[in-house]
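Each remark here refers to the structure printed beneath this line.
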Amino acid sequence: MSEGTGSGAWRMPASPYRGSWRLDGRFWPTVRDDPADAEAISHKLSVRAGLVRQLAAGLYTVTPMGLRVIQRVEAIIREEMNHIGAQELLMPVMHPAEIWEATGRYGLSEQFRLEDRGGRKMVLGMTHEEIVTWHAARELRSYRDLPQSWYQIQTKLRDEPRPKSGMLRVREFTMKDSYSFDADEAGLEKSYEAHSAAYARIFDRSGLLWYRVESDVGMMGGSGAHEYMAPSPSGEDVVARTASGSYAANVELAVSVAREPDFGDGPVAPEEFATPGIGSIEELAGFTGQHPATLAKSVVLVADSGPVLAIVRGEHQVHEKKIAHLIGEHRAAHPEEIREWFGADPGSLGPIGVSDAVRIVADSTIETGHYVTGANREGFHLRGVVLGRDFQAETADIRTVIEGEASVDGQGPIELVPVIEIGNIFKLGKKYSEPLGATYLDEKGQEQVIIMGSYGIGPARVAMAAIEQGHDENGIIWPTGIAPFDVHIVLIGDADSPQGEYAGMLWGQLSDLGLEVLLDDRPGLRPGEKFVEADLLGCPVRVTVGKRTLPDGPLEVMVRRTGDKSEIALDGAAEAIRALWAGLAAG
RNA sequence: CGGGACGUGGCGCAGCUUGGUAGCGCACCUGCUUUGGGAGCAGGGGGUCGCGGGUUCAAAUCCCGCCGUCCCGACCA
């Protein structure tokens with residue numbers, strides 16, 4: 001039998017103030033040097049500022065300090081989700097495989113799969129559409145039960161092909177995922193708009209610059225989707241948008257008005273000409289002196305149905321996801337396959353005279369103009385090739401957008417911006433409710449399929465995007481909404497010195513005013529070390545308390561974002577600091 | 001999945017080409033001094049050099065295999 005003495009061998013005193021910390025005795029592992037294998041700024045700074053530690057590729061532990069930021073993001077999310085009437089619940093991370101088999105998503109390459117001791121197939125959840133729908137199918141029986149919005153903040157596991165950039169692309173992460181259940185499309189529209197409004201507030205309160213863009217539905221399926229993107233050089237996605245934001249879309253589905261090159265007059269029929277040693281579009285443009293837009297690029301893909309020849313203008317590229325909508329899953333052709341189907345090597349390929357087995361898909365831009373294409377003969381090309389006259393092809397938008405092309409809304413040129421995806425919203429429709437039998441009885445007693453939506457946010461990505469968007473050479477500059485603390489008091493001197501006692505008092509007063517305050521009361525550290533670490537951590541307001549502060553002040557206060565220092569009187573200092581912070585928070 | 005780079009005390013690195021006593025800075029421990037922007041001096045602890053095999057009298061170093069981590073690519077002919 002054991003007993004508690006209550007004496008408390010642990011030396012760190014509990015804080016009487018909810019949310020405020022004294023630093024002495026805390027685990028806060030900062031580092032001087034950038035981690036050797038870090039590239040992204042958020043990766044370097046999140047490690048150096050002692051917010052996270054890596055366990056393995058794509059697996060990170062969040063430290064007590066890092067957790068404060070994550071929990072602040074989550075608190076904002078909870079408030080805004082609750083505000084639109086979404087209800088928090090919690091679903092398991094491990095799922096029976098059968099449920100995923102029902103929707104055809106068992107066996108996805110990113111899915112962690114395992115067996116329990118009885119040999120039952122299980123999966124680790126990469127998302128929770130299947131599970132939430134499984135429950136909805138059992139619990140929601142009547143139109144009177146609808147609508148519903150449920151959300152959770154729960155771990156997701158994905159066996160990423162390439163985890164990267166610190167916490168930005170990981171194999172295990174926490175996600176806020178919500179799901180709406182409506183009786184019809186009009187209901188879904190309302191739920192979707194409610195989430196859209198909540199997301200705007202969440203990302204605004206998190207202090208991010210963000211874009212809402214049209215997006216591909218991807219592995220979620222469904223009828224429509226938007227992504228929330230935070231611009232950052234470390235982002236993996238690219239958004240095409242006008243300067244005003246009048247048009248904004250993921251490049252995976254972005255459209256634009258292609259520039260029209262001057263084709264000049266072409267021959268009445270294709271003419272073959274020698275192009276010795278010419279392989280790439282760049283070489284061909286240099287050789288012919290023609291603009292790349294008048295050269296047709298031929299790309300050979302292999303779909304389940306067989307070989308596909310995709311044709312775009314030389315300045316464009318075939319977009320993987322766009323063409324996937326037409327031809328489905330596919331891969332690049334091997335050189336041997338290309339030789340078999342075209343009788344030539346890559347570099348001299350074209351649409352004329354190819355085997356009937358090859359499906360030809362041309363980008364819509366190819367419908368106008370005449371082009372130089374490969375002749376399917378080593379070292380030769382054809383000029384004056386015209387779609388419809390000289391060869392037949394399906395046409396569709398299969399190209400990438402390039403910077404500077406005109407926006408389809410007439411609002412000026414398109415710019416391409418690298419972004420971090422911080423959230424997304426999907427209109428799922430019946431994609432999951434149908435196969436999992438989530439139905440209800442309407443007013444007339446007719447069975448109807450529930451119309452669903454799903455909505456995700458990655459809190460850690462929000463935090464990392466904030467670092468990407470807010471930092472300088474000294475460290476992080478947190479937005480006020482998600483900073484680990486509102487105010488960081490640097491105490492110069494020991495806790496039991498007069499200035500130490502004053503700092504403790506100020507810490508209490510500020511906390512009583514509703515601020516979350518970090519008091520750096522660690523003994524033995526030099527002032528410089530405390531300042532450097534305060535800059536690294538990046539709380540919005542820093543207050544310095546030292547010998548000079550007493551007996552008559554003033555207090556030195558610094559705003560992290562601007563570096564502006566001001567001196568304030570001891571009398572009413574806490575209120576003045578709170579007012580300063582409130583001014584920053586108000587933006 | 002393809003390509004590349006890197007694995008040496010906790011962190012950041014040198015040493016490897018040309019095999020022969022494992023080194024530097026920071027961090028850590030002790031003492032003294034110092035205390036408003038990553039202190040100084042003195043003393044000290046800590047590494048079977050990612051793992052396995054091979055060559056050799058001898059391997060951090062050369063060879064083979066594996067593992068790990070990061071970066072680039074994964075249609076762009």
Would you classify [X] as touching base, sugar-phosphate or nothing, given that sugar-phosphate means primed atoms plus P, OP1 and OP2, and contacts are heavy atoms under 4.0 Å?
X	value
His316(A)	nothing
Thr549(A)	base
Ile338(A)	base
Ser298(A)	base
Thr544(A)	base
Lys164(A)	sugar-phosphate

Heavy atoms from C-beta onward define the side chain here; which of [options] lies closest to that of [X]?
X	options	result
Arg162(A)	C71(B), G12(B), C75(B)	C71(B)
Asp37(A)	U69(B), C72(B), G37(B)	U69(B)
Leu301(A)	C75(B), C11(B), C72(B)	C75(B)
Val532(A)	C71(B), G37(B), C75(B)	G37(B)
Glu39(A)	G12(B), C71(B), A77(B)	C71(B)
Pro161(A)	G25(B), U69(B), A74(B)	A74(B)
Ala56(A)	G36(B), U69(B), C75(B)	U69(B)
Ala57(A)	G38(B), C70(B), A77(B)	C70(B)
Lys297(A)	U69(B), G37(B), C76(B)	C76(B)
Phe531(A)	G37(B), C71(B), U69(B)	G37(B)

Would you say a side-chain N or O of [X] is under 4.0 Å from OP1 or OP2 of [N]?
X	N	result
Gln499(A)	G36(B)	no
Arg526(A)	A39(B)	yes
Arg32(A)	A27(B)	yes

I'd like to know if [X] reaches the base of [N] with its side chain such that a donor and an acceptor end up less than 3.5 angstrom apart.
X	N	answer
Glu533(A)	G38(B)	yes
Arg542(A)	G37(B)	yes
Asp535(A)	G37(B)	yes

Write down the distance separating the [atom1] atoms in [N] and [M], rounded off to the nearest Å.
N	M	atom1	value
G7(B)	C16(B)	P	13 Å
G20(B)	U61(B)	P	10 Å
A60(B)	G40(B)	C1'	35 Å

Nearest whole angstrom, please: distance from the [atom2] of [N] to the [atom1] of [X].
X	N	atom1	atom2	answer
Arg48(A)	G38(B)	CZ	P	15 Å
Leu525(A)	G38(B)	CG	P	13 Å
Leu168(A)	C71(B)	CG	P	10 Å

Taking Lys322(A) as the fixed residue, which of Asp397(A), Asp363(A), Thr400(A) is the one that meets the side chain to side chain donor-acceptor pair (under 3.5 Å) rule?
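Considering Asp397(A), Asp363(A), Thr400(A), a side chain to side chain donor-acceptor pair (under 3.5 Å) with Lys322(A) is found only for Asp397(A).
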Side-chain H-bond candidate by donor/acceptor type, Tyr371(A) with Arg313(A), under 3.5 Å:
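On atom types as modelled, these side chains qualify, holding a pair under 3.5 Å.
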Nucleotide paired to G73(B) in any strand shown, Watson-Crick or G-U, under 3.5 Å
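Base partner found: C1(B).
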Identity of whatever pairs with G10(B) - Watson-Crick or G-U, under 3.5 angstrom:
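Partner of G10(B): C26(B).
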